[in-house]
Amino acid sequence: MINRTLAQADPEMAQILVAELKRQQETLMLIPSENYASRAVMSATGSVFTNKYAEGYPGARYYHGCRFYDELERLAIERAKKLFGAEHANVQPHTGTAANMAAYHALLQPGDRILGMSVAHGGHLTHGAPVNFSGQIYHAFFYTVDRETGRLDYDEILQIALDCRPKLIVAGASAYPRLIDFERFREIADEVGAYLVADIAHIAGLVAAGYHPDPVPYADVVTSTTHKTLRGPRGALILCKAQYAEAIDRAVFPGVQAGPLMHVIAAKAVALHEAQQFGFREYQRQIILNSQAMAEALLENDFDLVTGGTDNHLMLVDLRRKNISGREAADLLEAAGIVVNKNLIPWDPLPPRETSGIRPGSPAITTRGMKEEEARLIGKLIARVINDGRKDPRVIEEVHKQVLELCRAFPIYADLEI
Ligand code: DSN
């Protein structure tokens with residue numbers, strides 16, 4: 001109904017929307033930070049809740065007319081606290097970057113030392129990268145993964161922390177295929193008297209379902225996006241111990257944000273509700289099983305994976321032996337209907353725009369209902385495209401046909417009206 005109105009009001013935009021819906025329906029989305037939100041989440045996002053300013057917090061707004069916004073934000077907060085077992089939740093951050101910005105703003109002064117995972121080894125820009133606010137406002141130091149194993153080396157992280165004496169340590173990653181030991185990070189933080197912030201943007205769904213070690217008991221502050229494994233709207237949230245509640249709330253508003261996106265907060269509440277329904281744990285378990293099945297198929301087809309496999313929703317494919325860059329591989333795969341992103345591998349000899357790796361993940365195909373059999377097939381199709389697609393364009397065509405068949409067998413948004 002709303003979309004039909006869009007078609008009438010702005011046919012040009014409606015046409016782009018129809019094309020994007022078709023793209024989502026007819027490609028395999030393997031970018032591990034993407035997912036298909038439910039129709040209920042999209043309904044809340046596209047609702048009248050978009051029409052209101054509600055600066056402030058429930059019961060203490062700077063705008064009148066916020067009664068129902070208080071209700072919906074309280075609901076989102078309670079659901080977030082319950083799902084993650086947290087003492088306090090702030091559901092206002094617009095993005096993961098805003099959440100991290102607020103976490104640092106609450107705990108640090110400009111110029112303070114922070115220690116995070118280097119972007120080149122799987123960390124995120126907001127963990128101290130020199131091109132990001134986090135590396136410009138704060139004095140950033142980095143840990144990497146072990147050169148041999150590709151895994152975090154906690155003894156080395158401790159040594160770096162002892163050397164640089166950070167006021168805050170960030171534990172979390174955007175491209176790390178193994179479990180993160182948050183308890184060990186807590187011990188390291190305690191050794192040097194640092195705050196511990198856990199950024200669980202990628203793994204929030206796995207954490208909520210109990211399939212990844214839980215940072216909530218150990219970290220002072222936990223930040224997350226809501227649209228990756230958690231399968232909500234694009235947005236973020238912050239969880240923290242009660243003692244930081246006031247500082248975190250003040251850091252989000254008025255510290256780094258003004259008007260909250262109340263329609264997105266409503267959608268976060270819906271997603272947090274869905275995450276407490278029957279089937280969510282099973283979904284998260286299947287994400288891991290599918291990721292592991294895809295990884296096995298790649299290994300069987302002579303591909304190298306950083307760390308040799310995966311414990312979570314993604315894998316990092318090291319393409320150096322295949323003499324193809326991550327960018328070229330991702331271009332070929334996209335032509336065959338398989339959308340992955342190029343990604344640096346640890347100690348990558350190529351620059352970030354080229355890269356020696358790709359980072360396939362399983363959350364979105366799992367939302368479509370695919371299981372290990374399909375995940376294995378997708379691993380084989382990836383291998384086929386990269387091994388033979390450059391020499392023989394017919395391979396791309398053949399794989400594309402198989403991709404379309406798979407997508408049709410596992411439809412998504414089939415009854416969505418435009
Ligand atoms: N862009 C996200 C990702 O793809 O991992 C991190 O911000």
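Atoms within each ligand, like the ligands themselves, are counted from 1 in listed order. Owing to the predicted nature of the structure, the values given are computational and were not obtained by experimental measurement.
- Between Phe253 and Tyr57, the ring planes lie perpendicular to each other; the angle is over 60°, past the 30° to 60° tilted range.
- Side-chain contact, Asn387 with Lys322: a donor N or O sits under 3.5 Å from an acceptor N or O.
- The salt bridge (charged side-chain N to carboxylate O under 4.0 Å, His left out) analysis of residues 16-35, with sequence neighbours excluded, yields the pairs Glu20-Arg23, Lys22-Glu26, Glu26-Arg408.
- The ring-ring contact (aromatic ring centres under 6.0 Å, His included) test applied to Phe410 returns no partner, not counting sequence neighbours.
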Under 3.5 Å: N or O atoms of ligand 1 paired with protein N or O:
unit_1, atom_1, unit_2, atom_2, d
ligand 1, 4 (O), Ser33, OG, 2.7
ligand 1, 4 (O), Arg359, NH2, 2.8
ligand 1, 5 (O), His202, NE2, 2.6
ligand 1, 5 (O), Arg359, NH1, 2.9
ligand 1, 7 (O), His124, NE2, 2.7

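- A side-chain donor-acceptor contact under 3.5 Å links Ser38 and Glu274.
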Atom pairs and distances, donor-acceptor, side-chain atoms in residues 114-127, under 3.5 Å, two or more places apart:
unit_1, atom_1, unit_2, atom_2, d
Ser118, OG, Ala120, N, 3.2
Ser118, OG, His121, N, 3.4
Ser118, OG, His121, ND1, 3.0
His124, ND1, Thr126, N, 3.2
His124, ND1, Thr126, OG1, 2.7
Thr126, OG1, Asn100, ND2, 2.8
His127, ND1, His124, N, 3.4
His127, NE2, Asp199, OD2, 2.9

